[in-house]
Undergrad: 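One structure coming up, written as structure tokens, with questions to follow.
Index from 1, following the sequence.
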Amino acid sequence: MNDMSALHSRTPAISPPLGELDIARIRADFPILRQQVHGKPLVYLDNAASVQKPKAVIDAISECYTGYYANIHRGVHLLSERSTAAYEGAREKVRAFLNAASVQEIIFTRSTTESINLVASSFGGRVVKAGDEIVITGMEHHSNIVPWQLLCERTGAALKVVPFTDAGELMLEEYERLLDSGRVKLVAFVHLSNALGTLNPAKQMIGLAHARGIPVLVDGAQSVPHLAVDVQELDCEFYAFSAHKIYGPSGAGVLYGKKALLEAMPPYQGGGDMISLVTFEKTEYAELPNKFEAGTPNIAGVIGLGAALDWLNAIGLDRVAAYEHALLEYATARVNEIPGLKIMGTAHNKAALIAFTLQGIHPHDIGTILDREGVAVRAGHHCAQPVMQHYGVPATARASFAVYNTRDEVDVLVAALWKVKEMFEL
Ligand code: C6P
């Protein structure tokens, strides 16, 4: 596609040594960043909620709709063939990105949320019975809590929760103790916490579950834009993420699942494109991955996700991770200069974000004043209310980073935080 050839022709220019990225060049790919808000240059630090989109992604979506859009898997006409090829091409890009063994293991959904609900409903509905247990952690997003609670309500199973320390690290001895009950049917945990920034030891946790024959789902919503993920190396049974957090559009998501498990699972939803034969007596389901993709999917969104992965691959996730790590260290040191500022989540292994409170000032006031300075952060419970309950706070403010953020922007954030303090001390 044209946008991709344009991207690849730019690629050689984005190749300084590891960790040294040409951020000005990367920022130039994001039209939305070139604006002022309230008369100040936009400093977008709400990337964990949703990240901005590079022009390559916007162009890929626009080209789909202007050049070759049609429904997929159905038509014998040229546009349908082209749309199908682009959509299935994106599936291969996701497979390669995760290093999955087969495209049959890549299911397109609407989001991380839908991917987890799919597993809870289809896998959970078949495997989980009264008296069984599901293990999650205390730092989950609501998307990785509520689907399991619904499953437990339906089946009579129980939800068990791995606690975490005040630093925001999981208590792994408690995790092992919970796994040892002999009743656990599935473990589901977040790879990178959206409320703390903790990077959990996924490989170790999966190994501990597998040693007891327990399958594992990993919520990768926050991790995929910040670190390279290899599902074969991790050996997890399921891995879920959303396109909109990895420079792609909203409304498209991914569920990776091991083929043998997906084959044994019943469909999640019924409808067009997920069958091989329908009669009123009996319906036969389509092969993977179509069995789990009922109805017309988000065709242009999935194609946009493919373009996002091309864009990110052209930079290289190792270099993204090294750059963002240095940026996070700088930001952590700078915000720690502010008296009364407390960071929630000081785990040894962290990435991508800083969640904090400022003594005596509500996080919503922090967010509102920062906005007047051009700085976009999220203030609230971040859909992780149990994390707020752990620290006894209703909310935190959260600055979350993407590869286009700079030290200068961190300096603007810090200056704006001093302003917040001044306003409240008057
Ligand atoms: N977190 C945040 O501001 P969806 O909405 O399905 O794309 O992603 C849900 C989700 C699941 N797991 C984790 C760890 C997440 O961070 C999120 C989304 C956003 O932190 C919006 S609440």
Undergrad: Return yes if some donor-acceptor pair links the side-chain N/O of K291 with the main-chain N/O of M265 below 3.5 Å, else return no.
TA: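 Yes, because the side chain of K291 sits within donor-acceptor range (under 3.5 Å) of the backbone of M265.
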Undergrad: Hey, are N47 and S400 close enough side-chain-wise for a donor-acceptor pair under 3.5 Å?
TA: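 No - no donor-acceptor pair under 3.5 Å links their side chains.
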Undergrad: Between T198 and S193, does a side chain to side chain donor-acceptor pair (under 3.5 Å) hold up when you go through it step by step?
TA: CA-CA 5 Å; T198 307; S193 158; 5.1 Å; no
Undergrad: Kindly determine whether R91 and E293 satisfy salt bridge (charged side-chain N to carboxylate O under 4.0 Å, His left out), including the steps that lead there.
TA: CA-CA 13 Å; R91 198 188 306 276; E293 293 182 13; 2.7 Å; yes
Undergrad: Would you mind checking if K258 and E105 are paired as a salt bridge, meaning a charged N to carboxylate O distance below 4.0 Å?
TA: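 Looking at K258 together with E105, the answer is no, because their closest N to O distance does not fall below 4.0 Å.
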Undergrad: Going by the angle between their ring planes, with limits at 30° and 60°, are H191 and Y239 parallel, tilted or perpendicular?
TA: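 If you compare the ring of H191 with that of Y239, the planes turn out perpendicular.
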Undergrad: How long is the gap from CD1 on I61 to OG1 on T66, to the nearest 0.5 Å?
TA: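 I61 CD1 to T66 OG1: 11.5 Å, rounded to 0.5 Å.
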Undergrad: Can a donor-acceptor pair be found, under 3.5 Å and without considering hydrogens, that links the side chain of Y323 to the backbone of H325?
TA: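 No.
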Undergrad: Looking at P266, is its backbone amide N or carbonyl O close enough to the side chain of S122 to form a donor-acceptor pair, meaning the two atoms are under 3.5 Å apart?
TA: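 Yes: the side chain of S122 pairs with the backbone of P266.
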Undergrad: May I ask you to decide if V254's main-chain N or O and S115's side chain share a donor-acceptor pair within less than 3.5 Å?
TA: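 Yes, S115 side chain to V254 backbone: donor-acceptor pair under 3.5 Å.
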Undergrad: Describe, in one word, how the ring planes of F164 and Y391 are oriented to each other, choosing from parallel (under 30°), tilted (30 to 60°) and perpendicular (over 60°).
TA: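 If you compare the ring of F164 with that of Y391, the planes turn out tilted.
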Undergrad: For the side chain of K185 and the backbone of P215, is there at least one donor-acceptor N/O pair under 3.5 Å apart?
TA: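 Between the backbone of P215 and the side chain of K185 there is no qualifying donor-acceptor contact (under 3.5 Å).
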Undergrad: Check whether N99 reaches the backbone of Q232 with its side chain - one donor and one acceptor, N or O, closer than 3.5 Å.
TA: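 No: the side chain of N99 does not pair with the backbone of Q232.
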Undergrad: Parallel, tilted or perpendicular: which fits the ring planes of F123 and F238, with parallel below 30° and perpendicular above 60°?
TA: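 Taking F238 first and then F123, their aromatic rings stand perpendicular (interplane angle over 60°).
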Undergrad: Indicate yes or no for a side-chain donor-acceptor contact from N200 to the backbone of A202 under 3.5 Å, with no hydrogens or angles considered.
TA: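 Between the backbone of A202 and the side chain of N200 there is no qualifying donor-acceptor contact (under 3.5 Å).
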Undergrad: If only atom types and distance count, is the side chain of N405 paired as donor or acceptor with the main-chain N or O of F401 below 3.5 Å?
TA: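 Not a single qualifying donor-acceptor pair exists.
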Undergrad: Is any side-chain N of the basic residue among E409 and R27 closer than 4.0 Å to the acidic one's carboxylate O?
TA: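 Salt bridge flag = yes for R27 with E409.
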Undergrad: Do the ring planes of H73 and Y87 sit parallel (below 30°), tilted (30 to 60°) or perpendicular (above 60°)?
TA: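 Ring orientation of H73 relative to Y87: perpendicular.
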Undergrad: Let me confirm one number: the CD1-NZ distance from I106 to K93, rounded to the nearest 0.5 Å.
TA: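 Spacing of CD1 (I106) from NZ (K93) equals 14.5 Å.
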Undergrad: Please work out which of the three classes, parallel, tilted or perpendicular, describes the rings of Y65 and Y69, given edges at 30° and 60°.
TA: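 It falls in the tilted class, 30° to 60°.
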Undergrad: Taking atom CD of E287 as the centre, report whether more than 12 heavy atoms of other residues, nucleotides or ligands fall under 6.0 Å from it.
TA: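 No, CD of E287 has 12 or fewer neighbouring heavy atoms, counting only those of other groups under 6.0 Å.
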Undergrad: Between S80 (side chain only) and H77 (backbone N and O only), is there a donor and an acceptor less than 3.5 Å apart?
TA: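 Flag not set: sc S80 to bb H77 has no pair under 3.5 Å.
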Undergrad: Taking the side chain from N313 and the backbone from G316, do they hold a donor-acceptor pair closer than 3.5 Å?
TA: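 The answer is no, because no donor-acceptor pair under 3.5 Å joins these two groups.
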